[in-house]
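Working notes, beginning with the structure itself.
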Amino acid sequence: MPIIPFIEGDGIGPDIWKVTRAVIDAAIKKSYEKRKIVWMQIHAGLSALKKYGNDEILPKDTLNAIREFKIAIKGPLTTPVGGFEYVCLECAAEQNGINGKRPAKCAKCGSKYITPSFRSLNVSLRKILDLYACIRPVRWFKGVPCPVKNPEKLDVIIFRENTEDVYAGIEFRESSKEAKKIIDFLKKEMNKSVRSDSGIGIKPISISGTKRLVRKAIDYAIEQNKPSVTLVHKGNIMKFTEGAFRDWGYELAKSEYREKIITEQELWQKFDGKMPKNKILIKDRIADQMFQQILLRPDEYSVIATPNLNGDYLSDACAAQVGGLGLAPGANIGDEIALFEATHGTAPKYTGMDKVNPSSLILSGVMMLRFLGWNEAADLIEKSIETTISNKTVTYDLERQMENATRLRTSEFGNKIIENM
């Protein structure tokens, strides 16, 4: 019986976690005689602040538990936007301190849970635990209303680098001493012109970070018998970062997987475009072109590897084609630790309303079950979700797009999934 830590999350987190846990437990019970997960609650965000106080939004206890048990699952956590000094974790409202002092309570909702501004708990977890691969499978479930004619043609899994690029978090505010120093250095030492009123961000992409991400993508393609791995980049403009990502990806594929892969160039030069048996095609696409490709020719792609920012955009765009983020699972995985999570936000206006679609977190739980090798339970949940949606018994986000559908609360939707197992 594995012990698996969980973080409920902020906002709608408790609502969707309660349903997710019930669905996972029911699927395991129906699939196996003796298997069971022992759940262990840990804290981050608002729940950590309530339990630990003192602005401790990511306690050492939480990090130590994830490190010890290697697998964890979490609901959405608040991520503030902008450069304000304090944030209310209840509603993510900006707060202004007085003479540098922390506000007593949120001016918007009255909550006392206000903490100094932080970049993102999600990013912090990924960086601290070195969860370098953000993995996002995207597929269509029968019955889900979609904006494209043939949503079933899109079935991809995106491997997005999680620790470099914009997620390195190296930036300096406009007019700060650091920004001015960098601008002066670029002008005097590198002969590069940057406007003096610019904020400065640095975009690192490394050989080691790139190769371990591409390696994980190719390993997955081999294990799951996928036909191709596509490197997505903006190398036509950023030649020494994103262009290098492309070059290092090909280099890794050729040096470590030579007998199992063929590049797109080799396909046409040596095989006249006819794919040889038992080979995985390694190809690349420029990021803006890829956005057209996933709309016009989605069935030509299966595994995608990309630097951070491109993967962020692309994974959400793919999810939009098959029903939106409410049905988009995700995981952050390193060499030793796997953290599964809902890919959407906390939706604080729906807190405690038992209203939203829990499928993103449930499907992240499905990814977790597959990671454990418990594929029977994972298959059962996926089939039951599809049956539940096909029966037009859905939460409000899907009900408003369907004719003659029955609107269910979060908990009721979870009960229907269990009934349909």
Side-chain angles (χ1 to χ4, degrees), residues 126 130-139 154-168 203-236 238-258 260-267 279-294 297-319 328-335 338 343 367 371:
R126 295 166 188 171
D130 199 25
L131 306 177
Y132 59 85
C134 178
I135 302 175
R136 297 273 299 271
V138 186
R139 54 155 289 197
L154 180 67
D155 186 359
V156 299
I157 183 160
I158 298 170
F159 285 72
R160 166 191 170 205
E161 207 291 322
N162 233 353
T163 62
E164 299 187 322
D165 196 0
V166 296
Y167 268 24
K203 174 191 179 77
I205 292 181
S206 70
I207 297 175
S208 56
T210 296
K211 287 191 173 182
R212 66 180 183 174
L213 185 278
V214 175
R215 182 182 295 114
K216 193 169 284 290
I218 296 176
D219 284 342
Y220 178 87
I222 293 170
E223 292 166 5
Q224 300 298 321
N225 196 29
K226 297 293 184 179
S228 68
V229 175
T230 305
L231 308 171
V232 178
H233 60 92
K234 190 63 178 171
N236 57 326
M238 292 175 280
K239 301 183 184 301
F240 305 123
T241 51
E242 302 220 4
F245 176 92
R246 169 194 179 275
D247 295 342
W248 295 329
Y250 276 120
E251 184 180 295
L252 180 280
K254 292 176 182 178
S255 63
E256 295 187 15
Y257 301 92
R258 182 67 274 185
K260 296 181 179 180
I261 66 97
I262 181 173
T263 67
E264 194 167 37
Q265 184 180 40
E266 292 167 343
L267 175 66
K279 296 283 187 179
I280 293 172
L281 180 64
I282 307 297
K283 54 188 175 179
D284 74 278
R285 297 290 182 268
I286 294 172
D288 44 333
Q289 178 196 20
M290 189 63 181
F291 277 86
Q292 288 195 71
Q293 294 281 300
I294 60 168
R297 302 159 73 172
D299 50 348
E300 294 182 11
Y301 300 92
S302 55
V303 179
I304 296 169
T306 172
N308 183 269
L309 187 57
N310 293 331
D312 202 359
Y313 296 151
L314 189 63
S315 56
D316 281 13
C318 287
N332 299 288
I333 298 178
D335 289 330
T343 58
M367 292 181 70
F371 190 82

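Any value given below was found using the heavy atoms of this structure, including those in side chains, with hydrogens, waters and symmetry copies removed.
- With sequence neighbours left out, the side chain to side chain donor-acceptor pair (under 3.5 Å) criterion links Asn332 to Arg126, Asn162, Glu341.
- Between Asn308 atom CG and Glu242 atom CD the span is 10.0 Å, to the nearest 0.5 Å.
- Distance alone, capped at 3.5 Å, is enough to place a donor-acceptor pair between the Ser302 side chain and the Ser228 backbone.
- Taking both residues in full, the closest heavy atoms of Arg160 and Pro307 are given as CG-O, 4.1 Å, listed atom of the first, atom of the second, then distance.
- Interatomic distance, CD1 of Ile282 versus OH of Tyr250, reported as 8.0 Å (0.5 Å rounding).
- Distance check, rounded to the nearest 0.5 Å: NZ of Lys283 to OG1 of Thr263 gives 12.5 Å.
- Taking a 6.0 Å sphere around CZ of Phe291, one finds it holds more than 12 heavy atoms contributed by other residues, nucleotides or ligands.
- Rounding to the nearest 0.5 angstrom, the gap separating the NZ atom in Lys234 from the CG atom in Asn310 is 9.0 Å.
- Partners of Phe371 according to the side chain to side chain contact (heavy atoms under 4.5 Å, CB included) rule, which considers only residues two or more places apart in sequence or in another chain, are Ile71, Ile333, Ala338, Phe340.
- Environment of CD in Gln289: crowded, with over 12 heavy atoms of neighbouring residues, nucleotides or ligands closer than 6.0 Å.
- Cation-pi geometry between Arg285 and Tyr301 is not satisfied (NZ or CZ under 6.0 Å from the ring centre, within 45° of the ring normal).
- Remark: Thr210 pairs with Ile205, Val214, Phe245, Trp248 by the side chain to side chain contact (heavy atoms under 4.5 Å, CB included) rule, at least two apart or across chains.
- Here the CD1 atom belonging to Ile135 is positioned 8.5 Å from the OH atom belonging to Tyr220, to the nearest 0.5 angstrom.
- Heavy atoms of other residues, nucleotides or ligands lying less than 6.0 angstrom from CZ of Arg297 number 12 at most.
- Salt-bridge annotation for Glu161 and Lys203: absent, with no side-chain N of the basic residue lying under 4.0 Å from a carboxylate O of the acidic one.
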